[in-house]
Amino acid sequence: MIETIVKSWLEEQLALPVSAAVPEHPPDQFVVIEKTGGGYANRLASATLAVQSYAATTLQAARLNQRVKAAMHRLPQLPQICAAKLNSDYNYPDTARKRPRYQAVYDLTYYEDVSDPDTGKEATHV
């Protein structure tokens, strides 16, 4: 799953908590990843990921966003990642939690195992 690959990569690169949702008791700085779309063609998978950088101040969130972008641009160093292209990034305050946040949206191309975990045969419905 691309989310687990990116989560592990960002945790390693940033030395910060990365999750698929805002933690119940969030630290000062953390990152949330969310897959917003994807596809599969010609044995290559694609995904659009929103990577949200939370921090105590807007400036700190912007700086964390810069670190996230640098790490995401290095993502193709992993053998299963073909490309990581920045689609857009912007200030995106979390009004529900009243927390500063930036968001970077990435288009990823990668190799994904589409075999059935029970049989090992390639899935035909993808």
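The structure displayed is predicted, hence computed values, not measured ones.
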A.B. asks: With the 4.5 Å side-chain cut-off for hydrophobic clustering, are L49 and L78 part of the same group?
C.D. replies: yes
A.B. asks: For C82 versus Y111, what's the shortest heavy-atom pair and its separation?
C.D. replies: SG-CE1, 3.4 Å
A.B. asks: Would you mind reporting whether R63 and Y102 have side-chain heavy atoms less than 4.5 Å apart?
C.D. replies: no
A.B. asks: Does some side-chain heavy atom of Q29 sit less than 4.5 Å from a side-chain heavy atom of L14?
C.D. replies: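 Not in contact.
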A.B. asks: Kindly indicate whether the side chain of P17, heavy atoms from C-beta on, has any atom under 4.5 Å from the side chain of P23.
C.D. replies: no
A.B. asks: Distance check, rounded to the nearest 0.5 Å: D28 atom CG versus T57 atom OG1?
C.D. replies: 10.0 Å
A.B. asks: Are V32 and L75 grouped together when hydrophobic residues (ILVMFWY) are joined by side-chain heavy atoms under 4.5 angstrom apart?
C.D. replies: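 No; tracing contacts between hydrophobic side chains, which count when under 4.5 Å, never links both residues.
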A.B. asks: Does some side-chain heavy atom of Y106 sit less than 4.5 Å from a side-chain heavy atom of L86?
C.D. replies: yes
A.B. asks: Below 4.5 Å, heavy atoms only, C-beta onward: do K69 and V51 meet side chain to side chain?
C.D. replies: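 Not in contact.
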A.B. asks: Is there a path of hydrophobic side-chain contacts, each under 4.5 Å between heavy atoms of I/L/V/M/F/W/Y residues, joining V22 to V6?
C.D. replies: no
A.B. asks: Quick check: closest heavy atoms across A61 and A55, and the distance to 0.1 Å?
C.D. replies: N-CB, 3.4 Å
A.B. asks: State, with a plain yes or no, whether a side-chain heavy atom of D89 is found less than 4.5 Å away from one of V68.
C.D. replies: no
A.B. asks: Is any side-chain heavy atom of R74 less than 4.5 Å from a side-chain heavy atom of W9?
C.D. replies: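 Touching, per the 4.5 Å side-chain cut-off.
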A.B. asks: Any non-hydrogen side-chain atom of P26 less than 4.5 Å from a side-chain atom of R99?
C.D. replies: yes
A.B. asks: Should the ring pair F30 and Y54 be called parallel, tilted or perpendicular, given that the plane angle runs from 0 to 90° and is split at 30 and 60?
C.D. replies: parallel
A.B. asks: For A84 versus P76, what's the shortest heavy-atom pair and its separation?
C.D. replies: N-CG, 3.9 Å
A.B. asks: Kindly work out whether a path of hydrophobic side-chain contacts (I/L/V/M/F/W/Y, heavy atoms less than 4.5 Å apart) joins M72 to V105.
C.D. replies: no
A.B. asks: For N65 and Q103, work out which heavy atoms get closest and say how close.
C.D. replies: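 N65 and Q103 have their closest heavy atoms at OD1-C, 4.1 Å.
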A.B. asks: Please report the closest heavy-atom contact between Y110 and S46, naming both atoms and the distance.
C.D. replies: CE2-C, 3.8 Å
A.B. asks: State the OG-CG distance between S53 and N91, to the nearest 0.5 angstrom.
C.D. replies: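 Those atoms lie 11.0 Å apart.
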A.B. asks: In Å, rounded to the nearest 0.5 Å, how long is the span from CG of D107 to CG of N87?
C.D. replies: 4.5 Å
A.B. asks: Hey, any chance I2 and L10 share a hydrophobic cluster, counting ILVMFWY side chains that come within less than 4.5 Å of each other, even indirectly?
C.D. replies: yes
A.B. asks: To check you understand the geometry: which heavy-atom pair defines the closest contact between I33 and E3, and what is its length?
C.D. replies: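 For I33 and E3, the tightest heavy-atom pair comes out as CD1-O, 3.2 Å.
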A.B. asks: Nearest 0.5 Å please: distance from the OG1 atom of T48 over to the CG atom of L108.
C.D. replies: 7.5 Å
